[in-house]
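First comes the structure, then the notes that go with it.
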2 protein chains.
Amino acid sequence: MTAQRQAGHDDGWAQRVRPAGAAFLLAQVGAYAAARFAERINELGLIPADAGVLRMIATRPGRSQQSLAEELGVVPSRVVALVDKLESKGLVERLRNPQDRRNYALHLTATGTQIMARMRGLASAHEDQICAGLDDTQRAQLTGLLEAIAAHQGLAPGVHPGYQQRPR
Amino acid sequence: MTAQRQAGHDDGWAQRVRPAGAAFLLAQVGAYAAARFAERINELGLIPADAGVLRMIATRPGRSQQSLAEELGVVPSRVVALVDKLESKGLVERLRNPQDRRNYALHLTATGTQIMARMRGLASAHEDQICAGLDDTQRAQLTGLLEAIAAHQGLAPGVHPGYQQRPR
DNA sequence: TATTGTTATACTCTATAACTATA
DNA sequence: TATAGTTATAGAGTATAACAATA
């Protein structure tokens, strides 16, 4: 229980604790927000990656797996697994395109559309929970600042970078 | 190249694209910031998890692996692997505690201290890059808002939630 | 030949559980 | 018996590369 000290190279004494900067706070609070959202949609049997794909299909129905792979910055084989899961849960269907039978047109099923509606409700409650420490003015301010950063860094609206693996 | 359409359950037409809320933007920009930071420290041969452990040891030298595991919210066996790596790179040393030979006192080596200094330089540049779209006033505003959320949600200062696995 | 999607495989990360040594 | 740390193992997630079908 007691923390003993021992001679070591670092020891003049502990490093002064610096206040965290905006970038670290962004990563910290962002990861926290993502984890809380993951908890919420877990009750729908989904993980965050599923939610993102579902939303991308809802936003632009009929798109191909390739287009999904490009926008997400992942390899096509991963999209196969992602869509496989959503299809097996009955949320998404692969429709053959008669003009070019190589690709699929992805669509939500009726169930998928219902799940999307529930997800929006969960997202709204999530939003309120995360911003609970702020008043309405501050909340709008925060949104504006984050939008400015996202725009300046060239982040695609609505695309979470969490799909990509380690190197970029 | 042309996106064809196909009859499907979702189709009245595409969902209206909603503006992202603060919570999604937080997760998006936060993950982006984390990824950019990972790129930077990659040149030191480190990944974000290493950086966090290094900083925690620097902040409180002599602490045990157990205390690290608790604060990070991970299982002790994972700390073994984390510290193993840092020790093999010569950044951290395990000192036996003569009073209680069960636990180790973790310390930075001289090299470890140097790496910490370089990390601070990288973090500073990273900070500037992420906030490049904001002026100084906005940057301070953002920091304040994020601190408010972190405090309200009970986030431990300086502890990134990214260590924990999926459930919580 | 080029493109879309799939399968097979290997690799990385992480938790679980059993274990050693010390107390 | 309890605690700090370790090892062995298994599972999940993801990329790579070879492949099949279609153009």
Side-chain angles (χ1 to χ4, degrees), chain A residues 1-4 6 31 34-35 38 42 45-50 52-53 57 62-88 92-106 160-168, chain B residues 1-4 6 31 34-35 38 42 45-50 52-53 57 62-88 92-106 160-168:
Chain A
M1 199 107 279
T2 39
Q4 310 83 347
Q6 197 76 13
N42 184 46
L46 300 177
I47 63 174
D50 300 327
V53 171
I57 297 174
R63 63 188 306 173
S64 70
Q65 295 187 184
Q66 278 286 344
S67 85
L68 240 47
E70 272 178 39
E71 185 163 336
L72 293 173
V74 300
V75 89
S77 65
R78 188 168 166 201
V79 177
V80 173
L82 249 18
V83 175
D84 274 356
K85 174 180 172 187
L86 295 175
E87 189 180 42
S88 77
V92 163
E93 52 185 359
R94 289 170 158 113
L95 267 51
R96 271 298 179 194
N97 174 353
Q99 265 72 51
D100 184 343
R101 294 174 47 73
R102 286 175 304 187
N103 65 49
Y104 286 116
L106 301 173
H160 195 288
Y163 288 87
Q164 293 96 327
Q165 184 105 305
R166 279 274 130 65
R168 180 122 241 222
Chain B
M1 198 99 299
T2 39
Q4 311 82 349
Q6 196 74 15
N42 184 48
L46 301 177
I47 62 174
D50 299 327
V53 170
I57 296 174
R63 63 188 307 175
S64 69
Q65 296 186 184
Q66 279 287 342
S67 84
L68 240 47
E70 273 177 38
E71 186 164 336
L72 293 173
V74 300
V75 91
S77 65
R78 188 170 166 202
V79 177
V80 173
L82 250 16
V83 174
D84 275 354
K85 173 180 173 186
L86 295 175
E87 189 180 42
S88 77
V92 163
E93 54 187 356
R94 290 168 157 115
L95 267 53
R96 273 297 181 194
N97 173 352
Q99 266 72 52
D100 183 343
R101 296 175 43 75
R102 287 174 303 184
N103 64 49
Y104 286 116
L106 301 173
H160 196 287
Y163 289 88
Q164 293 96 329
Q165 181 104 308
R166 280 274 129 63
R168 183 104 232 239

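Note that this is a predicted model, so its numbers are computed, not measured. We name chains A, B, ... by the order of the sequence lines, and we start the count at 1 in each one.
- Distance from the side chain of Tyr104(B) is smallest to dG5(D) among dG5(D), dA23(C), dT4(C).
- Not one N or O on the side chain of Arg94(B) forms a donor-acceptor pair closer than 3.5 Å with the backbone of Leu106(B).
- Note that CZ of Arg78(B) and CD of Gln164(B) are 8.5 Å apart. Values are rounded to the nearest 0.5 Å.
- Checking dT7(D), dA15(D), dT16(C) against the side-chain heavy atoms of Val74(A) singles out dA15(D) as nearest.
- Taking 4.0 angstrom as the limit, Gln65(A) places a side-chain polar atom (N or O) nearer than this to OP1 or OP2 of dT6(C).
- Residues Leu46(A) and Leu86(A) meet the side-chain proximity criterion, which asks for heavy atoms closer than 4.5 Å.
- Per the geometry, CD belonging to Glu70(A) stands 11 Å off P belonging to dG5(C), to the nearest Å.
- Summarising the geometry, the separation between CD on Gln164(B) and P on dT14(C) is reported as 11 Å, rounded to the nearest angstrom.
- When the C1' atom of dT4(C) is taken as reference, atom CG of Leu106(A) falls 12 Å away, rounded to whole Å.
- Taking atom CG of Leu82(A) as the reference point, atom C1' of dT6(C) lies 15 Å away to the nearest angstrom.
- The interatomic distance linking Leu72(B) (CG) with dG5(D) (P) rounds to 13 Å, in whole Å.
- Between Asn103(A) atom CG and dT4(C) atom C1' the separation is 7 Å, expressed in whole Å.
- Scanning for side-chain hydrogen bond (donor to acceptor under 3.5 Å, both in side chains) contacts around Arg102(A) gives Asp100(A), with sequence neighbours left out.
- Phosphate contact (OP1/OP2 of dT4(C), side-chain N/O of Arg94(A), threshold under 4.0 Å): absent.
- Residue side chain Ser77(A) does not reach the base of dT14(D) through any donor-acceptor N/O pair under 3.5 Å, judged by distance alone.
- For Arg102(A), counting side-chain heavy atoms from C-beta on, the closest listed nucleotide (dT6(D), dA15(D), dA21(D)) is dA21(D).
- In this structure, the side chains of Leu95(A) and Glu93(A) come closer than 4.5 Å at one or more pairs of heavy atoms.
- Dashed line: the shortest gap from a side-chain N or O of Arg78(A) to OP1 or OP2 of dT14(D) is under 4.0 Å.
- Atom CD of Gln66(A) is separated from atom C1' of dT22(D) by 14 Å (rounded to the nearest Å).
- Five base pairs at each end of the helix from dT1(C)-dA23(D) to dA23(C)-dT1(D) define two local axes, and these are offset by 20° (rounded to 10°).
- Not one N or O on the side chain of Tyr104(A) forms a donor-acceptor pair closer than 3.5 Å with the backbone of Asn97(A).
- When distances run from any side-chain atom of Arg101(B) to the nucleotides dT22(C), dA15(D), dG5(C), the shortest one goes to dT22(C).
- Protein atom CD of Glu87(A) is 13 Å distant from nucleotide atom P of dG5(C), rounded to whole Å.
- Shown here are the salt bridge (Lys or Arg N to Asp or Glu O under 4.0 Å) partners of Glu71(B), two or more places apart in sequence or in another chain: Arg63(B).
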